[in-house]
Each structure stands twice: as C-alpha cells, then as structure tokens.
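Reviewing the structure listed below.
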Amino acid sequence: MKRMYQILCILSLIASLICVPFATTTWRFGLLFFATLCICTGGMWALFHVRETRSDWIGKAARWLSRIGTAVFALWVLSFVIVEGMIVSGLQPDVREPVEVIFVLGGGIRGDQPTQNLRHRLEVGLDAMEQYPEAQVIVCGGQGDDEDEPEAAVMYRWMTEHGADGARITQEDKSRNTIENIENAMQICEQNGWGTEHITVVSSRFHLFRIRHIMERCGLEPSVIGAPAGNPAVSALMYIREYFSVVKLAASGY
C-alpha cells in the first residue's frame, strides 16, 4: 500500500505541474484536483512510513489513521468507478422527434471566443438547426466571474457568423449552472408561447447523463444530442469534473 500511495503522489504531482501553465477553467480544475490528490496520497504515504518506523504511540496512531484513510480512499475510488460508469452509459444521443425547440448549453468562453468545448457544442447546434429547420434555438449561458460578457452573447455571435439565422436564436444570459440553463430556457419558451413537450438539449457527451436527469426533474421528455469535448487531455479532465457535478447534484436532492 505504501508503494501505491507513493506512486499516486508522484503521478499527481506531475499532473499538477502540467496543469500550472494553463489558465482555462478546465485546467484550473485539473490543478486543484491533482494537487488535492497529491496531498492526500502523500499524507497516506507518510503515515505508512511512520507506522513502519515507530513502535510508540505515534506509530500506533499512524497505524489506525492509515487504516481509516485507506478505507475512505477505497470507498472514494469505488464511488468514482460507479459514477463514471453511469456517465459513460449516457454518452449516446437520444433525439425524440419532433424537435420544436433546441437548447444549446454554454461551456466556457475565453475573451470574446468560445472555448474548444463550447465550439464543438455550437457546431453540433448548427447541424441541428439545419436538420430541424422549423425549430427555435435558445443559447444558454450567463456571465461568469472571469468572463467579460455572457456566454449566450458569444454563442449567438459565433453561430450567426457561421451562417445561422439569428431570427431563430434567443439568448438566455442569466444562468450560472446547468440546472439554471434548462429552467431559464423553459421560462423563455413559456414567455414566447413555445411548447415544452418537444425540447432537445445540445451539450457535450460527458454531460448527457446529468442532463437527462435534470430534464426529467423539470418534467421534460429527455432528448439530447452530444458533442465531443475536445482534445484527449481536456476530455479526461471534463469526465473527472463531471463526477463531482453528478455527486453534487445527488447530494442536493435535485
């Protein structure tokens, strides 16, 4: 066990250092996650070292703490595997026709441009607009603390610059999370007299499991289209972050 914690600590430290030069939200999450993992596994590594080298009360305390820590770590790993399995099980798109309204969910901006993750969602949104020419579109995303303008404004501008009919696109620019994305967009539908029986949500594939759950809780028939997250490194971080989002959603009782 000591060797395992040692290896995990070193690997987490290396991953943390790789994340340092990047400034995007995803990489900041990666830095926080791997730094925390490095500290935790490093602490366990130290406890195993103390229990092996001391026979006094400090060694006995380290023995009990290492057992408790190992049990907690094992439970976390088990929960991680289960939740990630649930996320992966929901990767496939599932469109329920007819499609009358399309929600395209925000995914981060950098300056006045969408991130790679968001750009992929917008590209899929453009394809959906072509496939369902009668559907109205709502781009969803408010302004984050580190953003110069609402994500919805950037999304609208990008889509119209790439050939979308702006008259079909409405901006939902108040939301700060996925639940608010969907709930606020539903309010826009009601205000405009659009039905909510045939709504389809466009987001990243790793997001689809959680979106289906939120749609069901909002009284909607789940209908989703997935977009790729980006390069493999960013995609891996997104899947890790989604684990915590699913756990947070479950803990909130939503």
Side-chain angles (χ1 to χ4, degrees), residues 24-30 32-33 79-96 99 101-110 114-129 135 137-142 144 147 150-152 154-155 158-159 172-186 199-252 254:
T24 65
T25 301
T26 302
W27 288 98
R28 282 201 299 270
F29 163 79
L32 176 62
F33 172 77
S79 73
F80 185 83
V81 171
I82 291 173
V83 172
E84 288 295 337
M86 294 162 63
I87 293 169
V88 171
S89 71
L91 293 181
Q92 295 303 314
D94 182 17
V95 179
R96 305 294 178 89
V99 176
V101 186
I102 300 169
F103 297 173
V104 183
L105 305 193
I109 58 176
R110 189 177 299 114
T115 59
Q116 183 185 50
N117 179 46
L118 179 54
R119 189 171 67 251
H120 288 317
R121 297 184 187 185
L122 297 174
E123 290 169 351
V124 172
L126 286 177
D127 293 339
M129 289 183 72
V137 178
I138 302 177
V139 289
C140 308
E147 296 175 340
E151 292 182 12
V154 174
M155 296 164 72
W158 190 95
M159 293 185 78
E172 184 288 298
D173 58 5
K174 305 299 181 184
S175 58
R176 300 294 294 268
N177 55 55
T178 304
I179 294 174
E180 292 181 2
N181 283 166
I182 295 175
E183 291 181 343
N184 292 354
M186 287 178 64
I199 291 173
T200 293
V201 177
V202 173
S203 191
S204 302
R205 291 170 188 156
F206 65 83
H207 208 187
L208 298 187
F209 170 79
R210 185 156 53 102
I211 289 172
R212 286 185 175 96
H213 176 78
I214 294 172
M215 291 183 75
E216 288 177 347
R217 293 302 297 265
C218 289
L220 302 176
E221 183 80 16
S223 178
V224 293
I225 304 175
N231 66 60
V234 170
S235 182
L237 289 176
M238 289 292 191
Y239 277 89
I240 295 173
R241 188 170 71 172
E242 187 65 10
Y243 160 81
F244 292 99
S245 296
V246 171
V247 170
K248 180 180 178 181
L249 186 69
S252 70
Y254 188 88

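One is the number of the first residue; the rest follow in order along the sequence.
With contacts defined as side-chain heavy-atom distances shorter than 4.5 Å, the pair Ile87/Tyr239 qualifies. Side chains of Phe29 and Met238 form no contact here, defined as non-hydrogen atoms less than 4.5 Å apart. Between Ile182 and Leu220 there is a side-chain heavy-atom pair separated by less than 4.5 Å. Side-chain contact between Ile214 and Leu249 is present, with heavy atoms from C-beta onward closer than 4.5 Å. Pro114 is not listed as a side-chain neighbour of Met155, based on a closest heavy-atom distance of 4.5 Å or more. At a threshold of 4.5 Å between non-hydrogen side-chain atoms, the residues Glu123 and Trp158 count as touching.
Without hydrogens or angle criteria, Ser89 side chain to Met86 main chain gives a donor-acceptor distance under 3.5 Å. Judged purely by atom type and a 3.5 angstrom limit, Arg121 uses its side chain to pair as donor or acceptor with the backbone of Gly106.
When every heavy atom of Ser223 is checked against every heavy atom of Arg96, the shortest pair comes out as OG-N, 2.9 Å. Heavy-atom minimum distance, Gly226 versus Leu208: CA-CD1, 3.8 Å. Shown here for Ile211 and Leu105, the closest heavy-atom pair between the two residues is CD1-CD1, 3.7 Å. Of all heavy-atom pairs spanning Ile225 and Pro93, the tightest one is CA-CB, 4.1 Å. Minimum heavy-atom separation, Ala185 to Cys140: CB-SG, 3.9 Å.
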*Show your working on side-chain contact (heavy atoms from CB on, under 4.5 Å) between Ser204 and Asn117 and close with a plain yes or no.*
CA-CA 7 Å; Ser204 302; Asn117 179 46; 2.7 Å; yes

_Could you walk me through whether Val234 and Thr115 satisfy the side-chain contact (heavy atoms from CB on, under 4.5 Å) test, starting with their C-alpha distance in whole Å, then the side-chain angles of each, then the deciding distance to 0.1 Å, before giving a yes or no?_
CA-CA 11 Å; Val234 170; Thr115 59; over 6 Å; no

*Steps toward side-chain contact (heavy atoms from CB on, under 4.5 Å) verdict (Phe103, Ile199)*: CA-CA 7 Å; Phe103 297 173; Ile199 291 173; 3.6 Å; yes

*Where do Asn177 and Glu180 land on the side-chain contact (heavy atoms from CB on, under 4.5 Å) test, with the steps shown first?*
CA-CA 5 Å; Asn177 55 55; Glu180 292 181 2; 3.4 Å; yes

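Side chain to side chain, His207 and Arg210 meet the donor-acceptor criterion of an N or O pair below 3.5 Å.
The distance from the CD atom of Glu242 to the OG1 atom of Thr178 is 7.5 Å, given to the nearest 0.5 Å. To the nearest 0.5 angstrom, Phe206 atom CZ is 8.5 Å from Ser245 atom OG. Of the inter-residue distances, the one linking Glu151 atom CD with Ile109 atom CD1 reads 5.5 Å to the nearest 0.5 angstrom. Atom OG in Ser252 sits 5.5 Å away from atom CD1 in Ile179 (nearest 0.5 Å). With rounding to the nearest 0.5 Å, the separation of CG in Asn184 from NZ in Lys174 is 10.0 Å. The line from CE of Met215 to CE of Met186 is 8.5 Å long, rounded to the nearest 0.5 Å.
Ring planes of Tyr243 and Phe80: tilted class, angle from 30 to 60°.
With sequence neighbours excluded, the residues that form a side-chain contact (heavy atoms from CB on, under 4.5 Å) with Gln116 are Arg119, His120, Asn231.
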